[in-house]
There are 2 protein chains.
Amino acid sequence: MSKNVDVKRAKILDVAKRRFAHFGMAKTTMAEIAKDLSFSKALLYYYFPDKHSLYTAVLEHVVNEMLNRVEVYMRKALGVEDILLYAVESRMTIMRENYNLFEYSSSQFIQNPGEMGKNIGPFFERIRDQYSRILKKGVENKEIEVDDFNETAELLLFSLMGMRVGILSKDLNDCLFPTPDEFDLILTKQQKMVKIFLRGLRSI
Amino acid sequence: MSKNVDVKRAKILDVAKRRFAHFGMAKTTMAEIAKDLSFSKALLYYYFPDKHSLYTAVLEHVVNEMLNRVEVYMRKALGVEDILLYAVESRMTIMRENYNLFEYSSSQFIQNPGEMGKNIGPFFERIRDQYSRILKKGVENKEIEVDDFNETAELLLFSLMGMRVGILSKDLNDCLFPTPDEFDLILTKQQKMVKIFLRGLRSI
DNA sequence: AACTTGACTAATTCTTTTAAAAAATCAAAA
DNA sequence: TTTTGATTTTTTAAAAGAATTAGTCAAGTT
């Protein structure tokens with residue numbers, strides 16, 4: 001039954017997510033995940049070909065959650081600024097909750113940005129595309145003017161990432177959390193950034 | 001004669017700068033610098049207490065050049081956008097020429113942003129202050145409106161740094177240059193960013 | 001006294017080796 | 001088809017040793 005397989009995969013994802021979010025990719029072993037589920041390690045490899053696939057699947061799950069929340073909010077058809085501020089905040093909330101999950105992929109990104117790690121590239125694009133659609137909505141509402149949506153969305157995304165200069169940091173081996181204060185600081189900066197950026201795009 | 005000391009120090013700085021800019025801090029030895037100047041390594045330590053001081057002195061020299069160019073340009077009293085675009089471009093030029101010099105300090109920064117490495121912190125602040133003064137000038141010209149200069153300058157600086165996400169990168173041990181294309185790409189993004197940011201601050 | 005050096009020590013980095021841990025496989029059972 | 005224990009292969013970690021480099025110092029030169 002393909003149905004049972006999916007259920008089991010979901011259970012595995014759930015358990016793996018907790019471990020990854022808490023201890024990070026590096027400090028989570030397949031044996032531990034298997035133990036949490038109280039079955040053998042070998043079975044994990046029946047459902048996922050390797051550790052990396054499992055990690056990617058978890059990451060995708062979380063990214064989907066991030067995107068979906070914003071997608072839902074977008075349907076309420078508010079102003080661009082509202083949507084973007086919501087996006088920034090909810091994104092930060094999820095990052096806060098799953099910091100060590102992302103820590104791994106961003107360290108991947110840092111070590112090899114050229115090919116985007118080939119793993120996180122797609123996620124990056126999906127997020128950029130969402131920003132792109134948000135901007136498009138703003139244009140339809142006549143709130144802003146944009147010539148190249150993708151380019152502008154990327155610019156926005158990069159500028160927001162710039163706000164956390166000095167945070168991705170840390171010794172990449174330790175899975176230390178940034179303090180809550182740091183998260184708040186970044187969020188505040190990002191909110192201000194969004195406002196300035198949008199004013200910079202507004203019509204007239 | 002304190003005069004002679006200064007001349008010698010300048011010569012050392014000049015030679016050291018070339019090595020640091022070319023091979024980076026890590027792959028430049030004090031012995032090599034001494035050899036370039038054809039005198040003994042011990043003498044280097046007569047003029048500079050340690051390698052790090054020498055590096056910092058070189059860095060300061062280059063940062064001064066960066067700041068001065070913009071300072072001069074600023075006196076011509078053009079619009080804020082002109083000044084900022086000039087700042088971004090000349091900064092990029094200098095970074096291009098001295099990439100491996102900065103590579104070290106930015107890796108320092110990444111590994112320990114909390115205390116700003118204590119070395120590069122002051123430089124960072126000086127650059128931010130310059131942005132701050134540029135913004136102030138824009139306000140005086142009634143081109144833009146800014147409530148908190150330092151905060152806004154920092155926001156601008158961070159957003160510009162965000163444009164080079166995926167570049168500071170590389171394996172921090174290798175002293176690989178980013179390709180010229182990458183530099184151009186970043187510069188282009190930064191220029192667009194400056195324009196949007198400034199529009200976001202303009203009056204009315 | 002200010003400047004310079006060769007020879008020395010101390011600290012750091014690099015390599016190699018070895019052991020431990022964890023990823024991944026597989027034949028066989030339920 | 002799903003599950004496992006046992007086995008193999010890869011990665012990581014630690015230790016030891018060699019080599020390089022930072023930094024010191026007493027003594028010599030100008």
Side-chain angles (χ1 to χ4, degrees), chain A residues 1-13 15-16 19-20 22-59 100 103-105 107-108 111-112 117 119 171-175, chain B residues 1-13 15-16 19-20 22-59 100 103-105 107-108 111-112 117 119 171-175:
Chain A
M1 298 284 116
S2 160
K3 188 56 185 298
N4 250 331
V5 169
D6 285 348
V7 169
K8 200 122 197 184
R9 281 177 62 102
K11 269 185 190 163
I12 294 173
L13 281 179
V15 166
R19 275 231 124 90
F20 287 146
H22 211 66
F23 303 106
M25 164 84 160
K27 298 200 172 174
T28 298
T29 71
M30 293 297 263
E32 285 167 339
I33 296 173
K35 204 176 174 188
D36 285 352
L37 293 152
S38 44
F39 59 51
S40 82
K41 188 181 52 162
L43 192 55
L44 277 182
Y45 287 92
Y46 179 76
Y47 289 98
F48 293 91
D50 54 30
K51 191 184 183 185
H52 203 271
S53 304
L54 177 54
Y55 172 79
T56 306
V58 170
L59 188 60
N100 283 308
E103 187 278 338
Y104 175 74
S105 65
S107 89
Q108 283 275 89
Q111 276 159 13
N112 191 351
N119 314 304
D171 188 353
L172 296 173
N173 298 322
D174 303 349
C175 291
Chain B
M1 296 285 115
S2 159
K3 188 58 185 299
N4 249 331
V5 169
D6 285 349
V7 169
K8 201 119 196 186
R9 282 177 62 102
K11 270 184 188 162
I12 295 173
L13 281 179
V15 166
R19 285 248 171 218
F20 286 146
H22 212 65
F23 304 106
M25 164 83 160
K27 296 201 173 172
T28 298
T29 71
M30 293 298 261
E32 285 168 338
I33 295 173
K35 205 176 175 186
D36 286 350
L37 292 153
S38 44
F39 59 51
S40 80
K41 186 182 60 161
L43 192 55
L44 277 181
Y45 288 91
Y46 179 78
Y47 290 98
F48 293 92
D50 55 30
K51 190 183 182 185
H52 204 271
S53 304
L54 178 55
Y55 172 80
T56 306
V58 169
L59 189 62
N100 283 308
E103 187 277 338
Y104 176 73
S105 65
S107 89
Q108 283 276 89
Q111 277 158 14
N112 191 350
N119 315 304
D171 188 351
L172 296 173
N173 298 321
D174 303 349
C175 291

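In this text, all values refer to a predicted model and were calculated from it rather than measured experimentally. Atoms considered below: every heavy atom in the structure, side chains included; atoms not considered: hydrogens, waters and symmetry mates. Per chain, numbering begins at 1; letters A, B, ... match sequence-line order.
With sequence neighbours left out, A:Ala57 forms a side chain to side chain contact (heavy atoms under 4.5 Å, CB included) with A:Leu13, A:Phe48. For A:Tyr46, the side chain to side chain contact (heavy atoms under 4.5 Å, CB included) partners two or more places apart in sequence, or in a different chain, are A:Leu43. Applying the ring pair (Phe, Tyr, Trp, His ring centres under 6.0 Å) test to A:Tyr55 and every residue at least two apart in sequence or in another chain returns A:Phe20, A:Tyr104.
At whole-Å resolution of the value, NZ in B:Lys51 and C1' in D:dT20 are 11 Å apart. One interatomic measurement links the two molecules: OH of B:Tyr45 to C1' of D:dT24, which rounds to 10 Å at whole-angstrom precision. Atom P of nucleotide D:dT30 and atom CG of B:Asn4 are separated by 16 Å, given to the nearest angstrom. The nearest whole Å value for the distance from the CZ atom in B:Phe48 to the P atom in D:dT21 is 21 Å. Atom NZ of B:Lys27 and atom P of D:dA22 are 14 Å apart (whole Å). Summarising the geometry, the separation between NE2 on A:His52 and P on D:dT11 is reported as 13 Å, rounded to the nearest angstrom. Computed from coordinates, the B:Leu54 CG to D:dG23 P distance equals 10 Å when rounded to whole Å. In this structure, A:Met25 atom CE and D:dT11 atom P are separated by 13 Å, rounded to whole Å.
Across its full length, the helix from C:dA1-D:dT30 to C:dA30-D:dT1 shows an angle of 40° between the axes of its 5 terminal pairs at either end, rounded to 10 degrees.
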task: Could you please spell out the steps behind the side chain to side chain contact (heavy atoms under 4.5 Å, CB included) verdict for B:Leu54 and B:Met30?
output: CA-CA 10 Å; B:Leu54 178 55; B:Met30 293 298 261; 4.1 Å; yes
field: A:Lys11 and A:Tyr47: CA distance, side-chain angles, deciding distance, side chain to side chain contact (heavy atoms under 4.5 Å, CB included) verdict
entry: CA-CA 11 Å; A:Lys11 269 185 190 163; A:Tyr47 289 98; over 6 Å; no
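Remark: nothing in residues 28-36 of chain A comes within less than 4.0 Å of DNA chain D through any heavy atom.
Closest non-hydrogen pair, B:Ala16 versus B:Val58, comes out as CB-CG2, 4.0 Å. Nearest heavy-atom pair across A:Leu59 and A:Ser105 is CD2-CB, 4.1 Å.
Judged as a salt bridge (charged side-chain N to carboxylate O under 4.0 Å, His left out), the pairs with a partner in residues 33-59 of chain A (not counting sequence neighbours) are, in order, A:Arg19-A:Asp36.
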Heteroatom pairs (N/O) under 3.5 angstrom, protein to nucleotides 4-8 of chain C:
from  : atom 1 : to      : atom 2 : distance (Å)
C:dT4 : OP1    : B:Lys8  : NZ     : 2.8
C:dT4 : OP2    : B:Lys8  : NZ     : 3.4
C:dT4 : OP2    : B:Tyr47 : OH     : 2.8
C:dT5 : OP2    : B:Ser40 : N      : 2.9
C:dT5 : OP2    : B:Ser40 : OG     : 3.4

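Side-chain atoms of B:Met25 and B:His52, non-hydrogen and from C-beta on, do get closer than 4.5 Å to each other.
Along DNA chain D, the nucleotide nearest to A:Leu44 and the one nearest to B:Pro49 differ in position, and the one closer to the 5' end is contacted by A:Leu44.
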